[in-house]
Each structure stands twice: as structure tokens, then as C-alpha cells.
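Values below: all heavy atoms of this structure, side chains included; hydrogens, waters and symmetry mates excluded. In listed order, ligands and their atoms are each counted from 1. Residues: numbered from 1 along the sequence shown. Keep in mind it's a predicted model, so treat the numbers as computed, not measured.
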Amino acid sequence: MPDDDMTDVQLESRLREQEYFSPPPEFVGQANATDRDIYDEVGEFPEGFDRYAELLDWDERWDRTFDGSNPPFFEWFVGGKLNASHNCIDRHLDERKNQTAICWEGSDGTQENITYRDLYRRVNETAAALRARGVEEDDVVTIHLPMVPALPITMLACARLGAPHSVVFAGFSAQALAERTDSADSDYIVTIDGYYRRGAFLSHIEKTDEALDLADREPDVLTWLRHDEPQADISDDYIRMGDLLDEHAGERVDPVSRDAEDPLFLMYTSGTTGKPKGCQHRTGGYLAYVAATSKHVLDIKPGDTYWCAADIGWITGHSYIVYGPLALGTTSVMYEDTPDHPHKGRIWEIAEKYDVDIFHTSPTAVRMFMKWGEEYPERYDFDFRHMTTVGEPIQPEAWLWYYKHIGGEDAVIVDTWWQTETGGHLLTNLPALDDMKPGSAGRAAPGIEPALLDDSGENVPEAAGQAGNLVIERPWPSMLQTVYGDDERFIDTYWADYSDTDSDDWRDWTYKAGDGAVQSQDGYWRVLGRLDDVMNVAGHRLGTMELESAAAEVEQVAEAAVAPREDAQKGEVPDVYAVVREGVEESDAVRAEIVSAVEAEIGKFARPANVVFVDDLPKTRSGKIMRRILENISNGEDLGNTTTLRDPSVPEQIREQTVGE
Ligand code: WTA
């Protein structure tokens, strides 16, 4: 079509499509991945992934790279044995024992430079302490810790013992902690008295106190202290890590040699139905894949100072603060508090102080920095070579701001798409090999085979610019092994829709990501967002059903539904639509109860943006709530097709009630 026939919108999107940014030659000259052959070599399925596993130290080499004989329970590096803690610590001691492994910046001006030798000592003593308290190989240890050194140290101590950890983000409530402890059959909770938020001490241990009342299990509690002396009441039943460590000072624990397929950790994540799922990750395939992507995608080298400003309590922190970077022997920065404390230049001040080379954050954070203005980064002298975004689509406008004002137009940006379930990056450019395109994750990572399917499972033509359901057609080493304790749910959630579930040929099995995506003519992928009832609030994944069941716990509420509202800052925020019981007044008091129910069940970070009272919810004839319609109402869009509703007048009524709010 000639340009003058195009509408302005088409023209604009065509122009945007053509906007590329090349990696600077200085970057390309020093990058880890500079040879395009990597795509062919790793793509040689499955042995291509051997080169990833070869980045690690193995106690015994694997006999087979891949076993697909029992789909979708795929096995990787079968017969191999290794220990993740050894790979992240011990093997670096010869060459870099005095190099900082973790550089921790506390909120109150405290700072710790933990060298690889210190890390070795502290992880060994912690492992000895945990073992003395009865932790054995294969016991699941629940860790409810904020961004303090004790968190990676406890994780690595568990890995040393072969005890899978299940880290519960510190912002999760007591209820969420109790559920995850029960669900993981965990007999241990590791916590801390408190930590700092915006400069103020926040008591944390009370969530464990409450979780013990709520949980069915009776886990032992081990607690760290933020300072030498406790800053909160600690039950006499809890074991103090400090005392235990004194008893085990100087002890060493041989790393337990784990089968490649033995689980390394569980990470609970929100899904469409019911309770959060415990994504179970294996030791060998996971560690190999995150080490390789840290090397090729994040371009990490041992001499770098790398800072991923995520929280270790989510998958990004597991893969790209702890396991990937430490497996490569680099220096990783951790910061305890929020980016605006004590001032809005805090991030850049830390970047200057430690001379950070590689910086990794979320689009939500970039939008916030952009809103605060470029005068903050301009005050500090930092120089990133490489920057990453993860967790949500990044708008071209935010991308351009990040590129210009944070990267100084000479750092590369990689936009990485992946999920808790995928363990590591799946859609992303290799930064020295491909041009950047704002708003687009870029190509498939080496060895990864994405595709788009329509709702009936037919292929959407490749590189056609058409939207579809994003799927991955071939297994990869860091994919989740299963949903802990629930193989059926694993199959139903990720495989059943697009696989021939009767087949025992792995080629007939297709992984459903749950995201919508587009592949444009140049082959670049753009991920549009979730197609299921999962929201992305400031990069945190939340299930609408979890929010709804929390709201419905409130006595005065008869029924509740939740829809995502688009938000300039957080990407999405939850709106609650609630129907009150007969005779109950729709009041601010009930509203407040709904909000606090959500905070209690999940955590403050899940707080609803709005609570709207309605007379009825839009439902199909079979009684299913049509959340799409609520989403359209929340976002001021057309209602869409309402003909399948039991009562087609409900959405209009809601709209009127909403406008009246
Ligand atoms: C979304 C976070 C667009 C997506 C690592 C996915 C993204 C969900 C991107 C997983 C990206 C993640 N562009 N969307 N670069 N990265 N997402 O499990 O919807 O917390 O399904 O893992 O975040 O969130 P999760």
C-alpha cells in the first residue's frame, strides 16, 4: 500500500517498526557472544545445550543430554551430578577468593562487601547450622527473608545440603506464608526480626508468628537478626541463627552431590485458578541455562559489577541475582531499601559508588524514574555498558528515555521475556548480535522455538504481524519440572491446550505460556500481556482469583470479581467489583474491609486500586463471571460482545454505577 493511502496510525506504527538502534562498537568488541553461529550450535537439539552444561563443574558428567520419553516430564543432563552451591562459590576460590561476590548496601548506611571467601565461610556455617537443626537432603526449607545477605546465604546453604528452598517474597502476608509452607510440606521457616523500609525499621517476624497459627503444619522457625540485638519480640520457641552459627563457627559442609534432575527450589507463582502453584526447578538444567543466559544475554564477566535491582523473592532474583551471576563468579550488588529513600537519586548514587557496569530493572521502575525526571541520574557519575528490562512490556517511550538518560546512548538494552516457569530468558536479543528495537523483546534465545497459535491451535503465520497465543514448541533445560505435588495441574495448566496428551513423543507436546504475542516481519517478538486471569502489577504477578477469594472472605460481601485497570505507573492495578449481602450498606467501612482482607491474604503490594459496589456481576448463562467485560469497564473501553450474558443489561448498570462513584 502506498504511504499516502495509510492512516496516520498505520504510518506511525510503520515508522516505529523501522526504528532500530545498533549496539555500540565498543560493546560489540568486548561482548561474550559475538558469533552468530551460536544460534545454530545451541539449536542443534538437544546436544546443543551441552555447551551450557559445560559452563558448570560436574561431579559426574551426564550420559544423555535429554530424555523425552515420558512427556511432559522431560529430563535434562541425565545421569549427571553436581552441587549448585559448589558451582556458585567453591569453584571460584582458587581464582577469586578476595573478590567481592555480594556487595550489600543496607538502608541505614550499613554496607557489607562479602568476598567469595566470606561467602564460602558463611554458607558453610549456615549449612552446618541448618543440618544440626535436622535439615536433610530433600527437605523443603521455606525462606521468608527480605533483601539482606542472609537471604542468598540461606538459599546457598540449602543448595549445599541438597534441601530445596522455597523463598516467599517478604512482602507476602502471614496467610500467604502459611499456605506456601503447608503446600510445600515444609518443616522449616527461616525468617528475620525485621528490616528497613524507607528508612524505618519494619517488624517482620510477626508474620511468622501469625503464619504458625494459620498453618496446618508446625514448622521449626529459625530467625536471623537484622542487628546484633533483636529489634522485635522473638518467641522463645524460635532458634536464633546467631547462636547456632556461634556453635558451628568454622565448620565446613561438603556439598551434597545432587542428581541433575533433583529439585533445586520451588517458587510459588499465581495462576488462573485456585491456590498459587509451586513451580519446581531442577538443579542441572536450571543452573546450566541461567549461567549461560547470564553470560550471553546479560554479558556478565567475572570482573564486572552487576546490579539487578529486583527482589530475590521473585524468580528474577533467583536466576539473575543469585544463581546465574554467582555461577559466573561476578560481583553482584544488593540493595535493601526502596529507590526513593532517602532521595530519588539513590539508585544512581549506588551505581556511582560501586561503579556498576550492568544494570537490570523492570519497566515499572523505568517509568517511575522517568516520572521523577532526568535531573536525578544527571547528578551522578555512573556509566552502564549494558541494561536489562524484565517483567512487563516496555513502552517505546520509556525505552527511549532509559536509553538516553540512563544509558547515555552508549549502553545496550535487552528486553527479556520469560516466566517463573521458564527459569530463564526465552525471548531476548543477544546484545552484540542484533539491533535493538524499542518495545520489542527481539529474537528467540538460542535453542528456543517459540510459535504463535490461534485459539483452535492452528499456527498463526510466522512473522506476519498477527497476534496469537505464545507457545514454546521444544523443551529447554530450565523449564519447570512440574507443579510441586500436582503433576495433573502441571499438565492441565501448561500442556493440555495445545498438546496431544496421549502421545509419548515429545514433539507432540507444546508449552503454553499464557501470553499473547506478535512476531513482526523482521522476526522480532513483542509480548502483549497475559491472556488468562493473571495480572501484572508493577511487575508482580497476581491471580485475579486469589484477589477475588480474599475479597469474598469479607462477611458483608456476597460476591466479588477483580479486573485489571491499566495504570501509567504500575502497568496494571486491581479493581474489585463487589456485591454486598442483602441488608448490608455499601459503605467506606466495607470497602476498607475488602482492602484489608486482600492485604491479609496476599500482601500490601496487592492492594486494590478501587473497590466498586455493584448490584450484580456480568455472568454467562452458566454462571461464569465475564471478567473481560469488567476489564473493559475499568479501562473505559467499549463493552464488547455482551450477548452471551444471562442478563445483558448488567454491564450498562455497572457502568452507570461506576461513573456514579
Ligand atoms: C510478563 C518474570 C512483556 C509476561 C520473569 C509473563 C513480560 C509474566 C516480559 C511472567 C517482557 C515478563 N515483555 N511481558 N519482557 N517479561 N513478562 O512469572 O506476561 O513473574 O507471562 O516472571 O510477566 O511473570 P513472572
Side-chain angles (χ1 to χ4, degrees), residues 167-169 171-172 265-272 276-279 281 286 289-290 293-294 297-298 308-321 323-324 360-367 387-396 398-399 402 413-429 436-445 448 450 467 469-472 478-480 483 493-494 511-519 524-544 546 564 566 570-572 605-606:
V167 177
V168 177
F169 169 60
F172 273 117
F265 66 87
L266 305 181
M267 171 106 259
Y268 278 84
T269 191
S270 298
T272 41
K277 303 181 288 276
C279 291
H281 281 285
Y286 171 81
Y289 195 85
V290 300
T293 44
S294 294
V297 177
L298 304 178
C308 171
D311 193 295
I312 293 176
W314 304 102
I315 191 71
T316 299
H318 276 50
S319 300
Y320 298 118
I321 298 179
Y323 287 111
H360 188 158
T361 194
S362 64
T364 288
V366 173
R367 289 191 294 267
M387 306 190 300
T388 311
T389 69
V390 60
E392 310 151 71
I394 181 162
Q395 297 71 10
W399 192 102
Y402 192 39
I413 297 182
V414 287
D415 175 349
T416 56
W417 174 86
W418 56 295
Q419 309 177 298
T420 303
E421 293 85 346
T422 72
H425 309 134
L426 296 194
L427 299 181
T428 170
N429 280 336
M436 303 167 256
K437 191 163 80 169
S440 188
R443 298 188 190 285
I448 303 302
N469 297 284
L470 178 60
V471 299
I472 311 293
S478 63
M479 63 200 307
L480 77 164
V483 170
T493 311
Y494 303 107
Y511 171 85
K512 181 183 82 167
D515 277 315
V518 173
Q519 190 186 24
Y524 278 33
W525 295 88
R526 191 149 56 91
V527 177
L528 305 168
R530 302 290 307 194
L531 294 171
D532 50 12
D533 292 318
V534 173
M535 309 180 48
N536 196 329
V537 180
H540 300 327
R541 199 166 138 177
L542 283 175
T544 25
E546 285 167 71
E566 282 166 30
K570 296 184 172 176
E572 288 178 345
F605 68 95

*Applying side-chain hydrogen bond (donor to acceptor under 3.5 Å, both in side chains) between Tyr320 and each of Thr416, Thr388, Thr293, report the one that passes.*
Thr293

_Given Trp417, which partner from the list Thr389, Thr428, Asp515 fulfils the side-chain hydrogen bond (donor to acceptor under 3.5 Å, both in side chains) test?_
Asp515

For ligand 1, note which part of [X] has a heavy atom under 4.0 Å away: side chain, backbone, both or neither.
X      : answer
Thr416 : backbone
Glu392 : backbone
Val534 : neither
Gln419 : both

_Using heavy atoms and a 4.0 Å limit, tell me yes or no: is Trp314 in contact with ligand 1?_
no

*Would you indicate which of Thr420, Leu426, Thr428 comes nearest to atom 22 (O) of ligand 1 when only heavy atoms are counted?*
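Comparing heavy atoms across Thr420, Leu426, Thr428, the nearest one to atom 22 (O) of ligand 1 lies in Thr420.
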
*Evaluating non-hydrogen atoms only, which member of Trp417, Trp418, Trp525, Tyr320 is closest to atom 7 (C) of ligand 1?*
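The option holding the nearest heavy atom is Trp417.
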
*Are side-chain heavy atoms of Leu470 and Leu427 found at a separation under 4.5 Å?*
yes

Considering distance alone, does some N or O of [X] sit under 3.5 Å from an N or O of ligand 1?
X      : result
Asp515 : yes
Glu421 : no
Gly391 : yes

*How about Tyr289 and His425: are their ring centroids closer than 6.0 Å?*
no

*What residue and heavy atom of the protein are closest to atom 24 (O) of ligand 1, and at what distance?*
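Result for atom 24 (O) of ligand 1: Arg541 CD, 3.6 Å.
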
*To which protein heavy atom is atom 3 (C) of ligand 1 closest, and what is the distance rounded to 0.1 Å?*
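Protein heavy atom at minimum distance: Pro393 N, 3.1 Å.
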
*asked:* Classify the ring geometry of Phe172 against Phe605: parallel below 30°, tilted from 30° to 60°, perpendicular beyond 60°.
replied: perpendicular

*Show which atoms of ligand 1 fall inside a sub-4.0 Å distance from at least one heavy-atom site of Asp415.*
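Counting from 1, the qualifying ligand atoms are 11 (C), 15 (N).
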
*Arg530 neighbourhood, listing ligand 1 atoms whose heavy-atom distance to it stays under 4.0 Å*: 19 (O), 21 (O)

*Is Arg541 salt-bridged to Glu421, cutoff N-O under 4.0 Å?*
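Salt bridge between Arg541 and Glu421, a charged N being under 4.0 Å from a carboxylate O: yes.
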
_Under 3.5 Å donor-acceptor, Thr420 side chain and Thr269 backbone_ =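 Checking the backbone N and O of Thr269 against the side chain of Thr420, no donor-acceptor pair under 3.5 Å is found.
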
